[in-house]
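Following: one structure in C-alpha cells, then a few remarks.
Hydrogens, waters and symmetry mates play no part in the numbers below; they use all other heavy atoms, side chains included. Numbers restart at 1 for each chain; the letters A, B, ... are given by sequence-line order, proteins then strands.
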2 protein chains.
Amino acid sequence: MSNSNSGQRRRRGSDQPTLKQVADTAGVSTITVSRALNTPERVNEATRKRVLEAIDQVGYVPNLVAGSLASASSRFIAVIVPSLANAVFIEVIRSLQETFEARGYQILLGNTDYDLDREYQLVRTFLGWSCSALVTAGLRHSEACLGLLGHWDKPIMEVMELGDALDLNVGLDHQEAGRCMARHLVARGHRAIVYVGACLDRDYRASMRFTGHREVLDATGLDAPLIELDRLGSLAAGATGLDQVLADFPEARAIHFANDDLATGALLHAQRLGLRVPEDIAIAGFNGLALGQHVTPRLTTIQSPRETMGRLAAEQVLRRLDHQPVTQRQQNVGFTLMVGQST
Amino acid sequence: MSNSNSGQRRRRGSDQPTLKQVADTAGVSTITVSRALNTPERVNEATRKRVLEAIDQVGYVPNLVAGSLASASSRFIAVIVPSLANAVFIEVIRSLQETFEARGYQILLGNTDYDLDREYQLVRTFLGWSCSALVTAGLRHSEACLGLLGHWDKPIMEVMELGDALDLNVGLDHQEAGRCMARHLVARGHRAIVYVGACLDRDYRASMRFTGHREVLDATGLDAPLIELDRLGSLAAGATGLDQVLADFPEARAIHFANDDLATGALLHAQRLGLRVPEDIAIAGFNGLALGQHVTPRLTTIQSPRETMGRLAAEQVLRRLDHQPVTQRQQNVGFTLMVGQST
DNA sequence: CGCTAACATGTTAGCGCTAACATAGTTCTA
DNA sequence: TAGAACTATGTTAGCGCTAACATGTTAGCG
C-alpha cells in the first residue's frame, strides 16, 4: 500500500532549483521551460521572457546530466590524443575546442599515452557519456576498440594522417612529407643523411615519414641509416640525438629529425658544441613549430597545418551533426616545405 | 485507461544493452550488477564473476549519464584555465589529468581566454554536469561566478597563485618571485632595468611580479620603467619587446621579461641582431620552461614547480573527495631562481 | 461558417541508473 | 539458543529532464 506520508523515502539529489520550480514560478509547465531554453523559437516571445525571468529569479542552473539522459545525447565531443606533451596535439586540440565551443559543444579530452588499450578504455568511458561525436588522432585502433565503434552511429573523425578511415578523415600524407624533405636534402647536395626519430613504434606517423625518406634515398642510391631514441621528442632528446649521430656516423653531413623539437634541440646543442649549421652538419625537422623559426639559423622544416586540421575536422563533424550532407569524407590538408638556413 | 499494448509510446534511447539485460543474463537483480561494478567488495566473489561474464557476453557499456543522474554526482573534475596557448597551463593540466585519471576521474577542460564572463558561463555549464570538484587557475572571479560557487558544496581548488581563496589553494607568491628576480638583477650590478610584460591587465599574475620587481627597484632608488606589449607572450612578441626596449630605452642594460617565451624570443632575436647577451643586454624570464634552458646563453629564470602544483592540487582535492581531513587548505609550492648565463 | 493548417502549450511516460530501505541467510555472542 | 551483528542480495522509488503524443487556440480560405 502506498502509505502516503509516514513511510516516505528520503530524497537524494542536489538541492538546486529544478525546471519544475522555474515552471511554477513562471506559471507554465516544465516542458515549456525546457523548450524556452532548448528550442526558443517554438515558444511565444512573451512566455519565453517570463520563463527567463523566472530562471533568474530562482537561480536555476540546468541539470545537463538529466537532459542528456532524457535525450540520449550530450553535447560532448570526445577528443582522444596520444599525448599532451607534444605541442602538435595541443594546437589541434585548441582549434577543435574553439570551433566546437562556439557551437555549444564541450570537449571531453582523453590522453592515451600512445597505448591502444588505454584508447579502448577511453572510448568505452566516452560512449558511456553519450558523446555526440568522437575525434581521434590517428587511424590505428585495437580490435576491441573497433568492435565498440562499429556499433556506434555517431560521427567519428580521425585526424592527423590520411588513410582507410572509419568515417571522416582530415589529415596529411606523412609518407609524402618524408619524401619531400628527403628530396630537399638530396637536392642540397647531401649524401650522408641520417634520420633520427624518437619511439617510432609509438609515433608511427614519424615512422611513415621515415619510410618516405628511405624511399627517396633508396631511389637515389644512398644509404638511409636510422637512429631511434628511446624517449619522446624534446629539446633534450634532440641534443642526445645529435651526440649519437656524431658518435655513430661521424661522416654524416645532414640529419633529418622526426620533428621540430628534436631538430631544434640538436640545433641549439650544435651551437653549444661550436658546430656550424649547415656547414658542418645540416638539420631538418617536421611540424613548423614557432620555436624552429626563431633560432639562428632558421630551421628547415615542413609546416603541418594544425590549426586548419582542427578547424576543418570540427566543421566537418558539425556539418554531420546538423544533418547536412558531407561531400568529402576525406580531406587532405597538405603541408608546406619551409626552407630555412639550417640546410 | 491504460490501453495495454496498442497505444504504447515508442521508446527512445540508445539500443545499447542496459544493466537490466546484464542482470537477466547473470540471473541477478540490477542493483547487484551496479554493485559489482561500483562497489565490488560488497558482492560475493562468485556472483561478481558471473556478472562480469554477463557484461562481456552482452557487450555492456555502462551509461555514465544515467549513473550520474541517479547518484547526483559525476566523476568529472572541472578544470578552468585562461589559455591553452601558454605552455604553463598545459603542464599544470597534464599533471592534474594524470593524477585524477589514475583515480578514475575525468577532466572537463574549459578555456576562458582571460575573460571572467566566459569563466562564469563555464562554471554554470560544469555545475550542470554535477562535477565532483572544480579546479581553477587564479583567484579572480566575477560576482556572478562567486554567487554560483557560494552555494556549491563540493571542493574548489584555486591554483597558480596564493591568496584569499574560496576553499583550497595551491600556488606560489608571484610578487615575491618578482622581487627575487629584481634583487638578482640589482645584485648583478644592473641599474637600467626594464620590465616587459604582455597584456598585464589580463595576465595579472605577471603584473603582480612587476609589482614585486618595482618594490625592489624603488627601495634601491632605481627607476622601474615598464613596457607592455599588446599581444600575449610568444617568441615573436619577445623579439618585438626587445626592439621596443632598444628604441624607447637605449640606455637599458637589463630586461626582466614577464615570462620565458618573451625572454627566449628576445634572446634569440638578440642573436640575430648581433647583440651580446649579457654583455650588451641582460635578459631574464619567468617559468623555467625547457626552451630557455637550451639556448646559449642559458636563460636566467625562475622555475615555477608546475608539475608539483598540479599534482599537489589534485591530491588535495582527492583527499577531500575521499572524506579525509585536509590539514592545509593553502599550500605554497615556492619557486627557484635559476641563474643562467643571460644575466 | 466549417474545415484545415499552423502555432502554442500541456500531459504522460520514461531515459538507465543508484540511494534507501527491506529481507533473507549466516556467524557470533552471552 | 535467542537475538544481535554482519553479509549478500532484492524491491522500490525516484534523479531532472525531454520525446512523443494530445489538446487547445488562432489564422487562413473558399
Side-chain angles (χ1 to χ4, degrees), chain A residues 1-4 6-24 26-48 50-51 58 60-75 127-130, chain B residues 1-4 6-24 26-51 55 58 60-75 127-130:
Chain A
M1 303 299 104
S2 65
N3 34 7
S4 61
S6 61
Q8 265 184 356
R9 297 184 175 203
R10 267 228 306 296
R11 309 281 174 75
R12 292 130 307 137
S14 54
D15 44 5
Q16 293 276 322
T18 69
L19 258 200
K20 184 74 177 63
Q21 293 173 46
V22 176
D24 291 348
V28 296
S29 70
T30 58
I31 193 71
T32 301
V33 179
S34 172
R35 284 199 271 251
L37 288 170
N38 300 316
T39 51
E41 71 281 4
R42 291 197 197 168
V43 175
N44 181 287
E45 200 179 316
T47 314
R48 188 164 70 238
R50 206 144 37 86
V51 168
V58 305
Y60 171 68
V61 176
N63 185 325
L64 302 172
V65 178
S68 299
L69 179 60
S71 65
S73 100
S74 69
R75 288 183 80 85
L127 294 196
W129 282 112
S130 302
Chain B
M1 304 299 104
S2 65
N3 34 7
S4 62
S6 60
Q8 266 184 356
R9 297 184 177 204
R10 267 227 307 295
R11 309 281 173 73
R12 294 130 305 138
S14 53
D15 46 5
Q16 293 275 321
T18 68
L19 258 200
K20 184 76 177 63
Q21 292 173 46
V22 175
D24 290 347
V28 295
S29 70
T30 58
I31 193 73
T32 302
V33 179
S34 172
R35 285 199 270 251
L37 288 170
N38 301 317
T39 51
E41 71 280 4
R42 289 196 198 169
V43 175
N44 180 288
E45 199 180 319
T47 314
R48 187 164 73 239
K49 204 176 146 224
R50 207 144 37 87
V51 168
I55 286 175
V58 305
Y60 171 69
V61 175
N63 185 325
L64 302 172
V65 178
S68 300
L69 179 59
S71 65
S73 102
S74 69
R75 289 184 79 86
L127 294 197
W129 282 112
S130 302

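- Judged by Watson-Crick or G-U wobble contacts below 3.5 Å, the nucleotide D:dG28 has C:dC3 as its partner.
- No contact: B:S68 has no heavy atom under 4.0 Å from any strand.
- Of the listed nucleotides (C:dC17, D:dT9, D:dC17), D:dC17 has the atom at the smallest distance from the side chain of A:N63.
- Set against D:dG16, D:dG10, C:dG10, the side chain of B:V28 has D:dG10 as its closest nucleotide.
- Remark: B:T32 is in phosphate contact with D:dG10, judged by side-chain N or O atoms under 4.0 Å from OP1 or OP2.
- Closest to the A:S34 side chain, of the nucleotides D:dT18, C:dC17, D:dT9, is D:dT18.
- Taking atom CD of residue A:E45 and atom C1' of nucleotide C:dC7, one finds them 15 Å apart after rounding to whole Å.
- Across the protein-nucleic acid pair, B:R48 atom CZ and D:dT9 atom P stand 10 Å apart, rounded to whole Å.
- Side-chain atoms of B:T47 do not come within 3.5 Å of backbone N or O of B:V43 as any donor-acceptor pair.
- The side chain of A:N44 lies closest to C:dT9, out of D:dT18, C:dT9, C:dG16.
- Going from atom CG of B:D24 over to atom P of C:dG16 covers 14 Å, rounded to whole Å.
- Protein atom CD of A:Q21 is 9 Å distant from nucleotide atom P of D:dG16, rounded to whole Å.
- A 4.5 Å side-chain heavy-atom check between B:I55 and B:L37 finds at least one atom pair inside the cut-off.
- A:V65 comes within 4.0 angstrom of nothing in the nucleic acid, heavy atoms only.
- Atom CD of A:E45 has 12 or fewer heavy atoms from other residues, nucleotides or ligands within 6.0 Å.
- Between C:dT9, D:dT18, D:dC17, one nucleotide has an atom nearer to the side chain of A:T47 than all others, and that is C:dT9.
- Note on B:S29: a base of the nucleic acid sits closer than 4.0 angstrom, heavy atoms only.
- The nucleotide whose nearest atom lies closest to any side-chain atom of A:R35 is, among C:dT9, D:dA19, C:dG16, C:dT9.
- The main-chain N or O of A:S68 is never found under 3.5 Å from a side-chain atom of A:S74 such that the two would form a donor-acceptor pair.
- At whole-Å resolution of the value, CD1 in A:I31 and P in D:dT23 are 17 Å apart.
- Listed nucleotides: C:dT9, C:dA19, D:dA19. Nearest to the side chain of B:S71: C:dA19.
- Mapped onto DNA chain C by nearest heavy atom, B:T30 and A:L69 fall at different nucleotides, with A:L69 at the one closer to the 5' end.
- Atoms NZ (A:K20) and P (C:dT12) sit 13 Å apart, rounded to a whole Å.
- A:R50 places a side-chain N or O within donor-acceptor distance of the main-chain N or O of A:A26, the cut-off being under 3.5 Å.
- Between A:R42 atom CZ and D:dA20 atom C1' the separation is 12 Å, expressed in whole Å.
- B:S71 places a side-chain N or O within 3.5 Å of a backbone atom of B:S73 that can act as its donor or acceptor partner.
- Here C:dA20 presents its P atom at 14 Å from CG of B:N38, a figure rounded to the nearest Å.
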